[in-house]
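The first residue in the sequence is number 1, and the count goes up from there.
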Amino acid sequence: MPDSISIADPSADDLVNVWATVAEHLHKKLGPQTYATWFNLCVPVSLDKEVFTLACPNNFTHTWVEENYMDELQSSVTAGTTQTTSTALIVDQEACAKTYEENGRQFHDPGTGSDDDKSATASASPGTSRPSGPGRLNGALLSNSDFVLNPTYTFEDFVIGPCNRFAAALATGAADQPGSTYNPLFLHGSVGVGKTHLLQGLCHRILKNTPESRILYVSCETFVNHFVSALERGATDTFRDRYRHVDVLVVDDIHLLANKERTQDEFFHTFNQLYNEQKQIVLSSDAPPKEIPTLHARLVSRFGWGIVAEIEAPCTETRMAIVSRKSRDRGKPFPTDVNQLIAEYIVDNVRELEGAVSRLIAYSEMAKRDVTTDLAREALGDLLQTTPGTPSVDGVVKAVTKRYDIKLVDLQGKRRTKSIVWPRQIAMFLFRKLLPWSLEEIGAYFGGRDHSTVLHAVDKVMMRARAEEGVRKELTVLLTDLGGGSLEEHLEKRR
């Protein structure tokens, strides 16, 4: 294989040869595990005198490569040609799947050199094995999947606390005995509490125990889009073959089935076939089955056949443990007081905790200073401008739903019963007074309502608060719990 290739009149052979060189460079730069995780299912699709185009199997891979490995990819492309050639990334699931389904590993895999090289690569990442069936690699997700498994999203790397202990135990049990112990497994919780980590940990564990398992991991949006496309093309048989001939089906954000009648019917039949064949089904949602609007009763019933578990926002101790674990994994463990500082300010979202850790480490390395609370305040200034316990979206929603014994889906839904309308107006009032949101943003959050509806709600709450002692007490309790200041201050402010 030449070190670099001149592209005076590029041909199909040039495309293969350039990718061979690029893959070799990437493999050396990133290591076998990273290469296998993010580039193993990518395929080159075109090459001209100016642009080398690489196809990614899904949006997740495209975004991750673009944000994290574009410099390495571009330098590898430059090294593979005798002139500067730019690199373009596209998403082409069909091109990637077709390559592996019809031709196996048609393009160069740097892990298929000597026997020693093969052994080392395989041990580093099962994803470098040759295909053992349509659309899959042994030890990896099916190529039709939306997601690529993050190597750090394993059960071993999941920080367990009171908020997630039950869900973690269920996911582990389902992974160890797929299709029998907890089937279906339905996990629900707000954004950033660890649902994705548990789903991917389950996939990792199953593939570790049974590398040949056929796991399809998609978002509900993708399922819907695939079904609509199949209807348009008259290809429902192909669609059903894709979703019903798997060992494990993982669907993220299943609540997006709401209001989609025909797609719910199709998912019902897909669910039945997989369940009857004892294939594992894993679903995630932001709400439990009974609270997903317009979800068919028969789907609600089937989702409850297995076990439903909520993942709650992590408590302070768990957040400290997460910060400690993430900093230690990055090779720069933080002092306890720094862990506590971050945990006190970032209270609802694990992803934000991880982002804060990465940002502080980068700042420390750039400034060439040890991590201390003073450095943390410098690096994370915009995150620490407010006092601990400052009202957040999740905080307001939890306070209102708990006090009035309703659910978020009720606040965002269309129901106009008195028991729902008043709490919804209270929530809108608190959003307007405590959060930096516009009227349009608040209306969109509460089910796509018009800004005038929000104004009416705010005015109604303020009017009743001035006239009714009971309402004043309700709002005072909520504002006290949220750390939102005194009611009088908010009543004096313009809406």
Let's go through Phe431 and Val397 carefully: what are the C-alpha distance in whole Å and the side-chain angles of both, what is the deciding distance for side chain to side chain contact (heavy atoms under 4.5 Å, CB included) to 0.1 Å, and is it a yes or a no?
CA-CA 9 Å; Phe431 266 59; Val397 169; 4.1 Å; yes
Can we say Glu156 and Arg205 salt-bridge, meaning some charged N sits less than 4.0 Å from an Asp/Glu carboxylate O?
yes
Would a 4.5 Å heavy-atom cut-off, applied to side chains only, mark [X] and [Y] as touching?
X      : Y      : value
Val246 : Ile215 : no
Lys326 : Leu353 : no
Thr263 : Leu257 : yes
Trp422 : Val461 : yes
Leu430 : Ile426 : yes
Pro293 : Asn259 : no
Ser364 : Leu375 : yes
Arg432 : Ile442 : yes

Side chains of [Y] and [X]: any donor to acceptor distance under 3.5 Å?
X      : Y      : value
Arg330 : Ser358 : yes
Thr154 : Asp157 : yes
Asp374 : Thr372 : no
Tyr243 : Gln273 : no
Thr476 : Arg472 : no

Looking at every heavy atom in both [X] and [Y], which two are closest together, and how far apart are they?
X      : Y      : value
Met320 : Asn339 : CG-O, 3.9 Å
Ser285 : Phe186 : CB-CZ, 3.5 Å
Leu202 : Ala174 : CD1-CB, 3.9 Å
Val218 : Ser145 : CG1-CA, 4.2 Å
Val400 : Pro423 : CG1-O, 3.7 Å
Asp265 : His269 : O-CD2, 3.0 Å

If we ignore hydrogens and angles and just use 3.5 Å, is the side chain of [X] paired with the main-chain N or O of [Y] as donor and acceptor?
X      : Y      : result
Lys195 : Ser284 : no
Asn164 : Gly161 : yes
His255 : Leu295 : no
Gln280 : Asp247 : no
Gln264 : Thr294 : yes
Arg214 : His245 : yes
Arg424 : Gly413 : yes
Lys407 : Ile292 : no
His62  : Leu89  : yes
Gln200 : Asn150 : yes

Carefully, step by step, assess Phe271 and Val251 under the rule side chain to side chain contact (heavy atoms under 4.5 Å, CB included).
CA-CA 11 Å; Phe271 181 101; Val251 183; over 6 Å; no
Can you measure from [atom1] ([X]) to [atom2] ([Y]) and round to the nearest 0.5 angstrom?
X      : Y      : atom1 : atom2 : value
Met463 : His456 : CE    : NE2   : 8.0 Å
Thr318 : Arg165 : OG1   : CZ    : 8.0 Å
Thr417 : Asp410 : OG1   : CG    : 8.0 Å
Leu187 : Phe166 : CG    : CZ    : 10.0 Å
Leu141 : Ser213 : CG    : OG    : 11.0 Å
Leu475 : Thr480 : CG    : OG1   : 10.5 Å

Please work out whether the ring planes of Phe227 and Phe239 are parallel, tilted or perpendicular, with thresholds of 30° and 60°.
tilted
Relative to Phe268, does Arg298 satisfy both conditions: NZ or CZ under 6.0 angstrom from the six-membered ring centre, and within 45 degrees of the ring's axis?
yes
Salt bridge (charged side-chain N to carboxylate O under 4.0 Å, His left out), that's the test. Do Glu266 and Arg244 meet it? Break it down for me.
CA-CA 11 Å; Glu266 186 63 33; Arg244 300 184 189 183; 2.6 Å; yes
Check: Phe158 ring centre within less than 6.0 Å of His197 ring centre:
yes
The test is side chain to side chain contact (heavy atoms under 4.5 Å, CB included); show your working for Tyr217 and Leu249 and say whether it passes.
CA-CA 6 Å; Tyr217 184 176; Leu249 176 63; over 6 Å; no
Verdict with supporting geometry, Arg319 and Val159, side chain to side chain contact (heavy atoms under 4.5 Å, CB included):
CA-CA 9 Å; Arg319 297 197 301 273; Val159 178; over 6 Å; no
Derivation and outcome, side chain to side chain donor-acceptor pair (under 3.5 Å), residues Asp253 and Ser219
CA-CA 6 Å; Asp253 291 336; Ser219 67; over 6 Å; no
Does [X] [atom1] have over 12 foreign heavy atoms under 6.0 Å away?
X      : atom1 : answer
Lys290 : NZ    : no
Asn276 : CG    : yes
Glu277 : CD    : yes

